[in-house]
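Let me begin by presenting the structure, written as structure tokens, before commenting on it.
Given the structure is predicted, the values throughout are model-derived calculations rather than measurements.
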Amino acid sequence: MNAVTSSATVSREPAAEQAGPRNRPAPDSGGPARASRRRRARTGWLFASPALLTIGAVTVFPVLFSILLSFADVRLEYGGFSFLSLTGDHYAAVLSSPEWRQALAFTFGFTVVTVVLELVLGTAAALVLDRLGAARGGVLAVLLLPWALINVVAAQLWGYLFNGTYGGLTWFFEQILGHQPDILGQPASAMGAMVVVDVWKTTPFVAIVVLAGLMLIPDDVYEAAEIDGANAWTTFWKVTLPQLRPIMAIAVLFRILQAFGIFDLPFVLTQGGPGTATQSLAILGYKTLFQNLEIGRGAAVATTSAVIVVGCCLLFLRLFKAQADEGGRG
């Protein structure tokens with residue numbers, strides 16, 4: 001019995017000795033590599049800190065300060081202004097104002113019309129440019145001229161054309177209609193004139209973005225569609241357009257952000273008139289803050305505009321993601 005027990009004990013001891021090394025924690029072979037990665041990360045943050053501080057100073061701080069002003073009862077005093085208390089009355093006054101609702105309607109309508117027209121015309125221009133050979137460079141240079149102009153300069157040039165006394169377009173319409181139209185003096189024609197100017201100036205941007213997407217589509221895809229017997233229209237809808245959706249989404253996002261914050265174009269052409277027909281949210285905020293010196297209410301206009309445009313962009317991204325997921329599953 002003792003022999004059996006001793007032999008069992010002896011047999012267990014080697015097993016324990018064999019199991020022991022496997023149960024011991026392995027040495028940290030990744031320690032030096034991990035420390036090196038941490039040092040590189042700290043170095044990267046150190047070199048990026050000036051840019052991050054600059055972005056915080058010129059972007060993050062003004063946004064946060066504007067939000068604070070929108071909730072504050074601010075009084076102008078000699079040498080500056082003072083905060084009296086926090087209140088939500090500015091938002092209540094802004095959201096219940098007919099002038100704010102009219103500015104929102106104009107801004108939203110202007111954004112939708114211009115973005116749709118620019119996307120359609122820019123895509124068509126990109127398709128034409130993609131088919132050009134050696135002449136593409138010259139045509140592209142001419143196409144870029146409107147986009148290269150400063151917005152204020154472009155608006156001033158078109159203001160001369162729309163002028164009711166000596167404008168070239170006014171004279172042209174007078175020859176056709178038999179009377180001299182007041183293009184910028186009527187609400188409907190003033191809105192149409194602004195749409196024309198914005199589409200003329202910004203369509204080249206959309207065309208360049210879409211052209212970049214077209215150049216990334218491999219030729220094998222088109223060759224496969226041609227072998228399958230697809231015509232040009234079917235190839236565009238079934239091959240080209242699905243491939244362009246991501247790049248078109250980027251172009252639309254940029255255009256929504258720019259069009260919703262439109263200020264210089266209506267400010268130069270009409271000053272928001274006639275009346276308040278072409279007054280955007282940006283112009284309303286400018287007039288409220290700098291002309292009427294209503295600091296809190298002007299900040300509330302700016303904050304509500306930012307919230308609306310961010311919400312529109314998030315909604316667009318969600319819809320685009322849903323369409324992309326359905327296309328991938330299909």
(request) Report yes or no: do Leu129 and Leu214 belong to one cluster of Ile/Leu/Val/Met/Phe/Trp/Tyr joined by side chain heavy-atom distances under 4.5 Å? (result) yes
(message) Is there a continuous path of hydrophobic side-chain contacts, each under 4.5 Å between heavy atoms, that joins Leu314 to Phe254?
(response) yes
For the [atom1] atom of [X] and the [atom2] atom of [Y], what is their distance to the nearest 0.5 Å?
X      : Y      : atom1 : atom2 : value
Leu289 : Leu284 : CG    : CG    : 11.0 Å
Cys312 : Phe108 : SG    : CZ    : 6.0 Å
Asn292 : Tyr286 : CG    : OH    : 11.0 Å
Ile208 : Thr203 : CD1   : OG1   : 11.0 Å
Thr170 : Ile183 : OG1   : CD1   : 4.0 Å
Gln291 : Ile283 : CD    : CD1   : 10.0 Å

(message) Can you classify the ring geometry of Trp233 versus Trp237 as parallel (below 30°), tilted (30 to 60°) or perpendicular (above 60°)?
(response) perpendicular
Is [X] atom [atom1] crowded by more than 12 heavy atoms from other residues, nucleotides or ligands, each under 6.0 Å away?
X      : atom1 : answer
Tyr160 : OH    : no
Trp147 : CH2   : no
Asp219 : CG    : no
Phe316 : CZ    : yes
Ile150 : CD1   : no
Glu174 : CD    : yes
Phe263 : CZ    : yes

Which atom names give the shortest non-hydrogen contact between [X] and [Y], and what distance separates them?
X      : Y      : result
Gly122 : Val206 : CA-CG1, 4.2 Å
Lys287 : Gln271 : NZ-O, 3.2 Å
Phe106 : Ala277 : CD1-O, 3.5 Å
Leu269 : Leu184 : O-CD1, 3.7 Å
Ile256 : Cys313 : CG2-SG, 4.0 Å
Ala190 : Gly273 : CB-O, 4.5 Å

(request) Could you give me the CA-CA distance, side-chain angles and deciding distance for Glu118 and Asp198, then say whether side chain to side chain contact (heavy atoms under 4.5 Å, CB included) is met? (result) CA-CA 9 Å; Glu118 289 160 6; Asp198 192 79; 2.6 Å; yes
Quick one: does [X]'s side chain have a donor or acceptor within less than 3.5 Å of a partner on [Y]'s backbone?
X      : Y      : value
Thr114 : Thr111 : yes
Thr107 : Leu104 : no
Thr270 : Pro266 : yes
Ser70  : Ile67  : yes
Ser97  : Ala93  : no
Thr59  : Gly56  : no

(message) Just by distance, no angles: are the side chains of Arg40 and Ser36 close enough, under 3.5 Å, to form a donor-acceptor pair?
(response)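 Yes, because at least one side-chain N or O of Arg40 sits under 3.5 Å from a partner of the opposite role on Ser36.
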(request) Show the numbers, then the answer: is there a side chain to side chain contact (heavy atoms under 4.5 Å, CB included) between Phe205 and Arg255? (result) CA-CA 9 Å; Phe205 166 76; Arg255 286 304 303 133; 4.1 Å; yes
(message) Does Gln279 form a side chain to side chain contact (heavy atoms under 4.5 Å, CB included) with Glu99? I'd like the steps, not just the answer.
(response) CA-CA 9 Å; Gln279 180 173 258; Glu99 191 176 8; 3.1 Å; yes
(message) I'd like to know whether Leu157 forms a side chain to side chain contact (heavy atoms under 4.5 Å, CB included) with Leu149, so could you lay out the CA-CA distance, the side-chain angles of the two residues, the decisive distance to 0.1 Å, and finally the verdict.
(response) CA-CA 10 Å; Leu157 290 175; Leu149 287 176; 4.2 Å; yes
